[in-house]
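Chain letters run A, B, ... following the sequence lines, proteins first and then strands; every chain starts at 1.
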Amino acid sequence: MFEYPACMADRATILHADLDAFYASVEQLLDPGLRNTPMAVGSGVVLAASYEAKAFGVSGGMSTRRAKELCPHLKMVGGHFSEYQRLGDAAIDIMKDFTPLVERISIDEAFLDVAGSIHLLGSPTDIAITIRRRVKDELGLPVSVGIARTKHLAKIASQVAKPDGLLLVPADRELEFLHPLPAELMWGVGPVTKARLAEMGIRTIGELAEAPGRSLERLLGAAIGTKLGALAWNSDPRAIEQHHSVSSVSAQSALGRSPVSDELIERTIRHLADRVASRLRAKSKAGHTVTARVRFADLRSVTRSVTLPAAVSVTPIIAEVAESLVRSALHDHPDVHEVSLLAVGVSGLAMESALQLELPLHLEGERIRPGTEAGSSRWVLDKAVDEVREKFGKRSIGYASVVLDESRAVPDEFRELAEH
DNA sequence: TCTGGGGTCCTAGGACCC
DNA sequence: TCTGGGGTCCTAGGACCC
């Protein structure tokens with residue numbers, strides 16, 4: 001554990017807590033036979049690797065075949081996804097004992113602002129030590145914590161602290177800590193941006209900080225260039241956000257290499273639309289824009305979207321619209337005969353309760369019984385179909401049966417949780 | 001190395017309106 | 001009326017995150 005002297009902490013009150021190799025750690029917790037051995041969660045793809053496996057170079061996102069090449073004794077296990085949710089929730093609950101200002105950013109990760117807790121619970125370092133001990137004692141899981149004055153820096157600190165570590169960056173030593181680190185540790189720098197920065201001779205955050213803002217913006221775009229410049233000087237003080245609402249809901253299904261057929265498209269899209277629609281309704285939301293994505297066998301992908309005059313949240317409507325969008329996309333690529341993935345999304349979300357007040361006004365002129373569920377759905381469906389026909393041609397969409405296929409090749413819970 | 005699923009944000013061009 | 005400028009919305013694609 002590496003830590004700067006606590007007396008210099010000053011105003012570093014943001015914690016970033018991140019459970020280590022979360023899925024893999026849970027599996028090792030559930031099955032003692034997996035402890036201290038290189039193992040990973042996943043089937044065709046590594047979703048999460050234990051630290052013993054990471055030592056061999058195995059990492060998330062890697063194909064199982066590649067992982068076995070690197071680590072011949074690697075044990076692959078399927079996931080216990082409901083356990084991940086339960087233990088992730090439990091870890092967050094422990095953090096909430098220390099401050100109400102908890103911003104959860106994924107199943108296994110959260111920011112905390114403990115500024116208001118110091119006089120009762122001790123310094124941010126004391127709080128972080130206690131959180132780490134409680135998560136270990138009560139749940140049996142390792143969690144790393146970074147402490148700094150800003151969220152971005154706290155997150156970098158937790159990455160540097162891993163595995164099973166704690167790192168405080170004092171407010172008066174931020175740039176001293178930040179600038180020697182590689183640029184790709186920054187939030188928002190992935191493989192493409194890393195390569196572009198390397199072209200400019202930029203490899204560390206310090207080199208990025210010294211680069212002229214204008215050349216960064218030219219190279220990376222105005223928004224990203226400006227943002228990275230601010231992050232490199234640690235001058236991006238975002239506050240903890242306890243409630244952020246989702247702005248889109250989507251579902252996708254990988255299909256290997258599947259020959260295009262009406263049957264495949266209908267069955268897959270209806271299943272995806274059902275998943276999206278049910279999640280929308282669970283949140284009491286509906287959305288104006290329906291998007292469909294088709295990935296071809298060669299991994300190129302195209303998207304088609306349409307914005308409707310009314311927000312939708314009903315399975316058959318989303319299915320009909322998405323299906324027509326898929327057909328439109330395939331129509332534009334007549335050379336394509338195999339697809340490897342289909343996706344359906346709904347965005348432009350609004351609360352459903354607010355929307356239903358508006359609907360009857362439109363329904364009056366449509367000779368549909370206002371206010372009834374069936375009438376509203378039918379009206380929106382007709383409008384949606386009209387909209388799509390206008391944009392993509394009359395033959396692009398028809399009223400197919402809306403019987404849903406409930407068969408599900410992959411357990412849904414497998415789809416909803418993911419970690420890298 | 002091309003293999004999973006669910007998200008966010010940004011960009012650029014075009015349509016449309018005033 | 002073809003001559004200016006600005007704002008907003010929509011669509012498609014891309015990078016990135018966990």
Side-chain angles (χ1 to χ4, degrees), chain A residues 16 18-19 21-23 40-48 57-67 69-70 76 78-79 81 84 88 104-110 152 155 158-159 184-197 217 219-228 241 244-257 272 275-276 279 288-309 325 328-329 332 340-349 387 391-392 409-420:
Chain A
H16 180 258
D18 196 347
L19 291 151
F22 180 50
Y23 292 2
V41 178
S43 51
V45 177
V46 173
L47 292 177
V58 177
S59 65
M62 187 176 278
S63 71
T64 303
R65 192 197 306 163
R66 175 74 184 136
E69 282 170 18
L70 291 169
M76 292 292 297
F81 293 92
Y84 304 162
R104 188 175 192 172
I105 57 176
S106 73
I107 189 168
D108 62 345
E109 217 182 321
H152 180 243
K155 182 158 166 62
S158 74
Q159 305 312 303
E184 63 266 30
L185 276 188
M186 282 201 296
W187 210 89
V189 177
V192 174
T193 303
K194 181 191 172 187
R196 285 182 190 159
L197 291 173
E217 286 171 27
L219 190 76
L220 307 171
I224 293 175
T226 305
K227 173 133 198 166
L228 289 190
E241 291 172 32
H244 38 81
S245 54
V246 292
S247 67
S248 70
V249 173
S250 67
Q252 67 182 60
S253 182
L255 302 168
R257 290 179 74 105
L272 294 173
R275 288 180 50 71
V276 169
R279 295 215 304 264
H288 281 87
T289 302
V290 178
T291 302
R293 185 161 75 98
V294 183
R295 193 180 70 188
F296 307 138
D298 62 8
L299 301 182
R300 282 181 304 153
S301 76
V302 295
T303 61
R304 291 290 180 276
S305 65
V306 63
T307 300
L308 305 169
L325 292 170
S328 151
D332 293 343
S340 63
L341 179 141
L342 291 173
V344 173
V346 173
S347 55
L349 302 188
E387 200 85 7
K391 286 199 166 74
F392 300 111
V410 183
D412 280 347
E413 53 190 354
F414 187 90
R415 304 162 172 277
E416 294 191 359
L417 305 167
E419 178 210 30
H420 257 193

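- Looking at heavy atoms from C-beta onward, Leu272(A) lies in side-chain contact with Leu342(A) at the 4.5 angstrom threshold.
- Ranking dC16(C), dT8(B), dG7(B) by closeness to the Ser247(A) side chain, first place goes to dT8(B).
- Within the model, atoms CG of Leu219(A) and CZ of Arg196(A) stand 6.5 Å from one another, a figure rounded to the nearest 0.5 Å.
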Stepwise, does the side-chain contact (heavy atoms from CB on, under 4.5 Å) test hold for Val290(A) with Val276(A)?
CA-CA 10 Å; Val290(A) 178; Val276(A) 169; over 6 Å; no
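- The side chain of Ser248(A) lies closest to dG7(B) when the candidates are dT11(C), dA12(C), dG7(B).
- For Thr193(A), a side-chain nitrogen or oxygen approaches OP1 or OP2 of dC16(C) to under 4.0 Å.
- If you measure from atom CD of Glu109(A) to atom C1' of dG7(B), you get 13 Å, rounded to the nearest angstrom.
- Using a 30° and 60° split on the angle between ring planes, Phe81(A) and Tyr23(A) fall in the perpendicular class, above 60°.
- Distance from the side chain of Ser305(A) is smallest for dT11(C) among the nucleotides dC16(C), dC18(C), dT11(C).
- Counting only heavy atoms from C-beta outward, the side chains of Thr193(A) and Met186(A) never approach each other to under 4.5 Å.
- An OP1 or OP2 oxygen of dG6(B) is reached within less than 4.0 angstrom by a side-chain nitrogen or oxygen of Arg275(A).
- Between the CZ atom of Arg304(A) and the C1' atom of dG13(C) there is a distance of 10 Å, given to the nearest Å.
- Contact check, Arg293(A) against dT11(C): no side-chain N or O comes under 4.0 Å of OP1 or OP2.
- Nearest to the side-chain atoms of Thr303(A) among the listed nucleotides dC16(C), dG5(B), dG13(C) stands dG13(C).
- Ala251(A) comes within 4.0 angstrom of sugar-phosphate atoms only, judged by non-hydrogen atoms across all strands, and of no base.
- Residue-level contact check: Gly44(A) touches neither bases nor backbone, having no heavy atom under 4.0 Å from any strand.
- Side-chain contact check for Arg66(A) versus Val46(A): every heavy-atom pair is 4.5 Å or farther apart.
- Using a 4.0 Å heavy-atom distance criterion, Ser301(A) is classed as making no nucleic acid contact.
- OP1 and OP2 of dT8(B) both lie 4.0 Å or more from every side-chain N or O belonging to Lys227(A).
- With a 4.5 Å cut-off on side-chain heavy atoms, Tyr84(A) and Leu47(A) do not count as touching.
- Residue Arg66(A) has its side chain nearest to dT1(B) when only dC18(C), dG5(B), dT1(B) are considered.
- Between the C1' atom of dA12(C) and the CG atom of Leu325(A) lies a distance of 12 Å, rounded to the nearest Å.
- The separation between Tyr84(A) atom OH and dC18(C) atom C1' is 15 Å, rounded to whole Å.
- For Thr307(A), the listed nucleotide lying nearest its side chain is dT11(C); candidates were dC10(B), dT11(C), dG6(B).
- Counting to the nearest Å, the P atom of dC10(B) and the CG atom of Leu228(A) are 12 Å from each other.
- Set against dT11(B), dC18(C), dG6(B), the side chain of Asp108(A) has dC18(C) as its closest nucleotide.
- Toward the 5' end of DNA chain B, the nearer of the two residues Leu299(A) and Gly221(A), judged by each one's closest nucleotide, is Leu299(A).
- For Ser63(A), the listed nucleotide lying nearest its side chain is dT3(B); candidates were dC18(C), dT8(B), dT3(B).
- Of the listed nucleotides (dT3(B), dA15(C), dG13(C)), dG13(C) has the atom at the smallest distance from the side chain of Val302(A).
- Here the side chain of Thr289(A) is nearest to one of dC16(C), dC18(C), dT11(C), namely dT11(C).
- If you measure from atom NZ of Lys194(A) to atom C1' of dC16(C), you get 15 Å, rounded to the nearest angstrom.
- Across all strands shown, dA12(C) forms a Watson-Crick or G-U wobble pair, both distances under 3.5 Å, with dT11(B).
- Summarising the geometry, the separation between CZ on Phe296(A) and P on dA12(C) is reported as 13 Å, rounded to the nearest angstrom.
- Side-chain N/O atoms of Ser250(A) include one lying less than 4.0 angstrom from OP1 or OP2 on dG7(B).
- At whole-Å resolution of the value, CG in Leu47(A) and P in dG5(B) are 10 Å apart.
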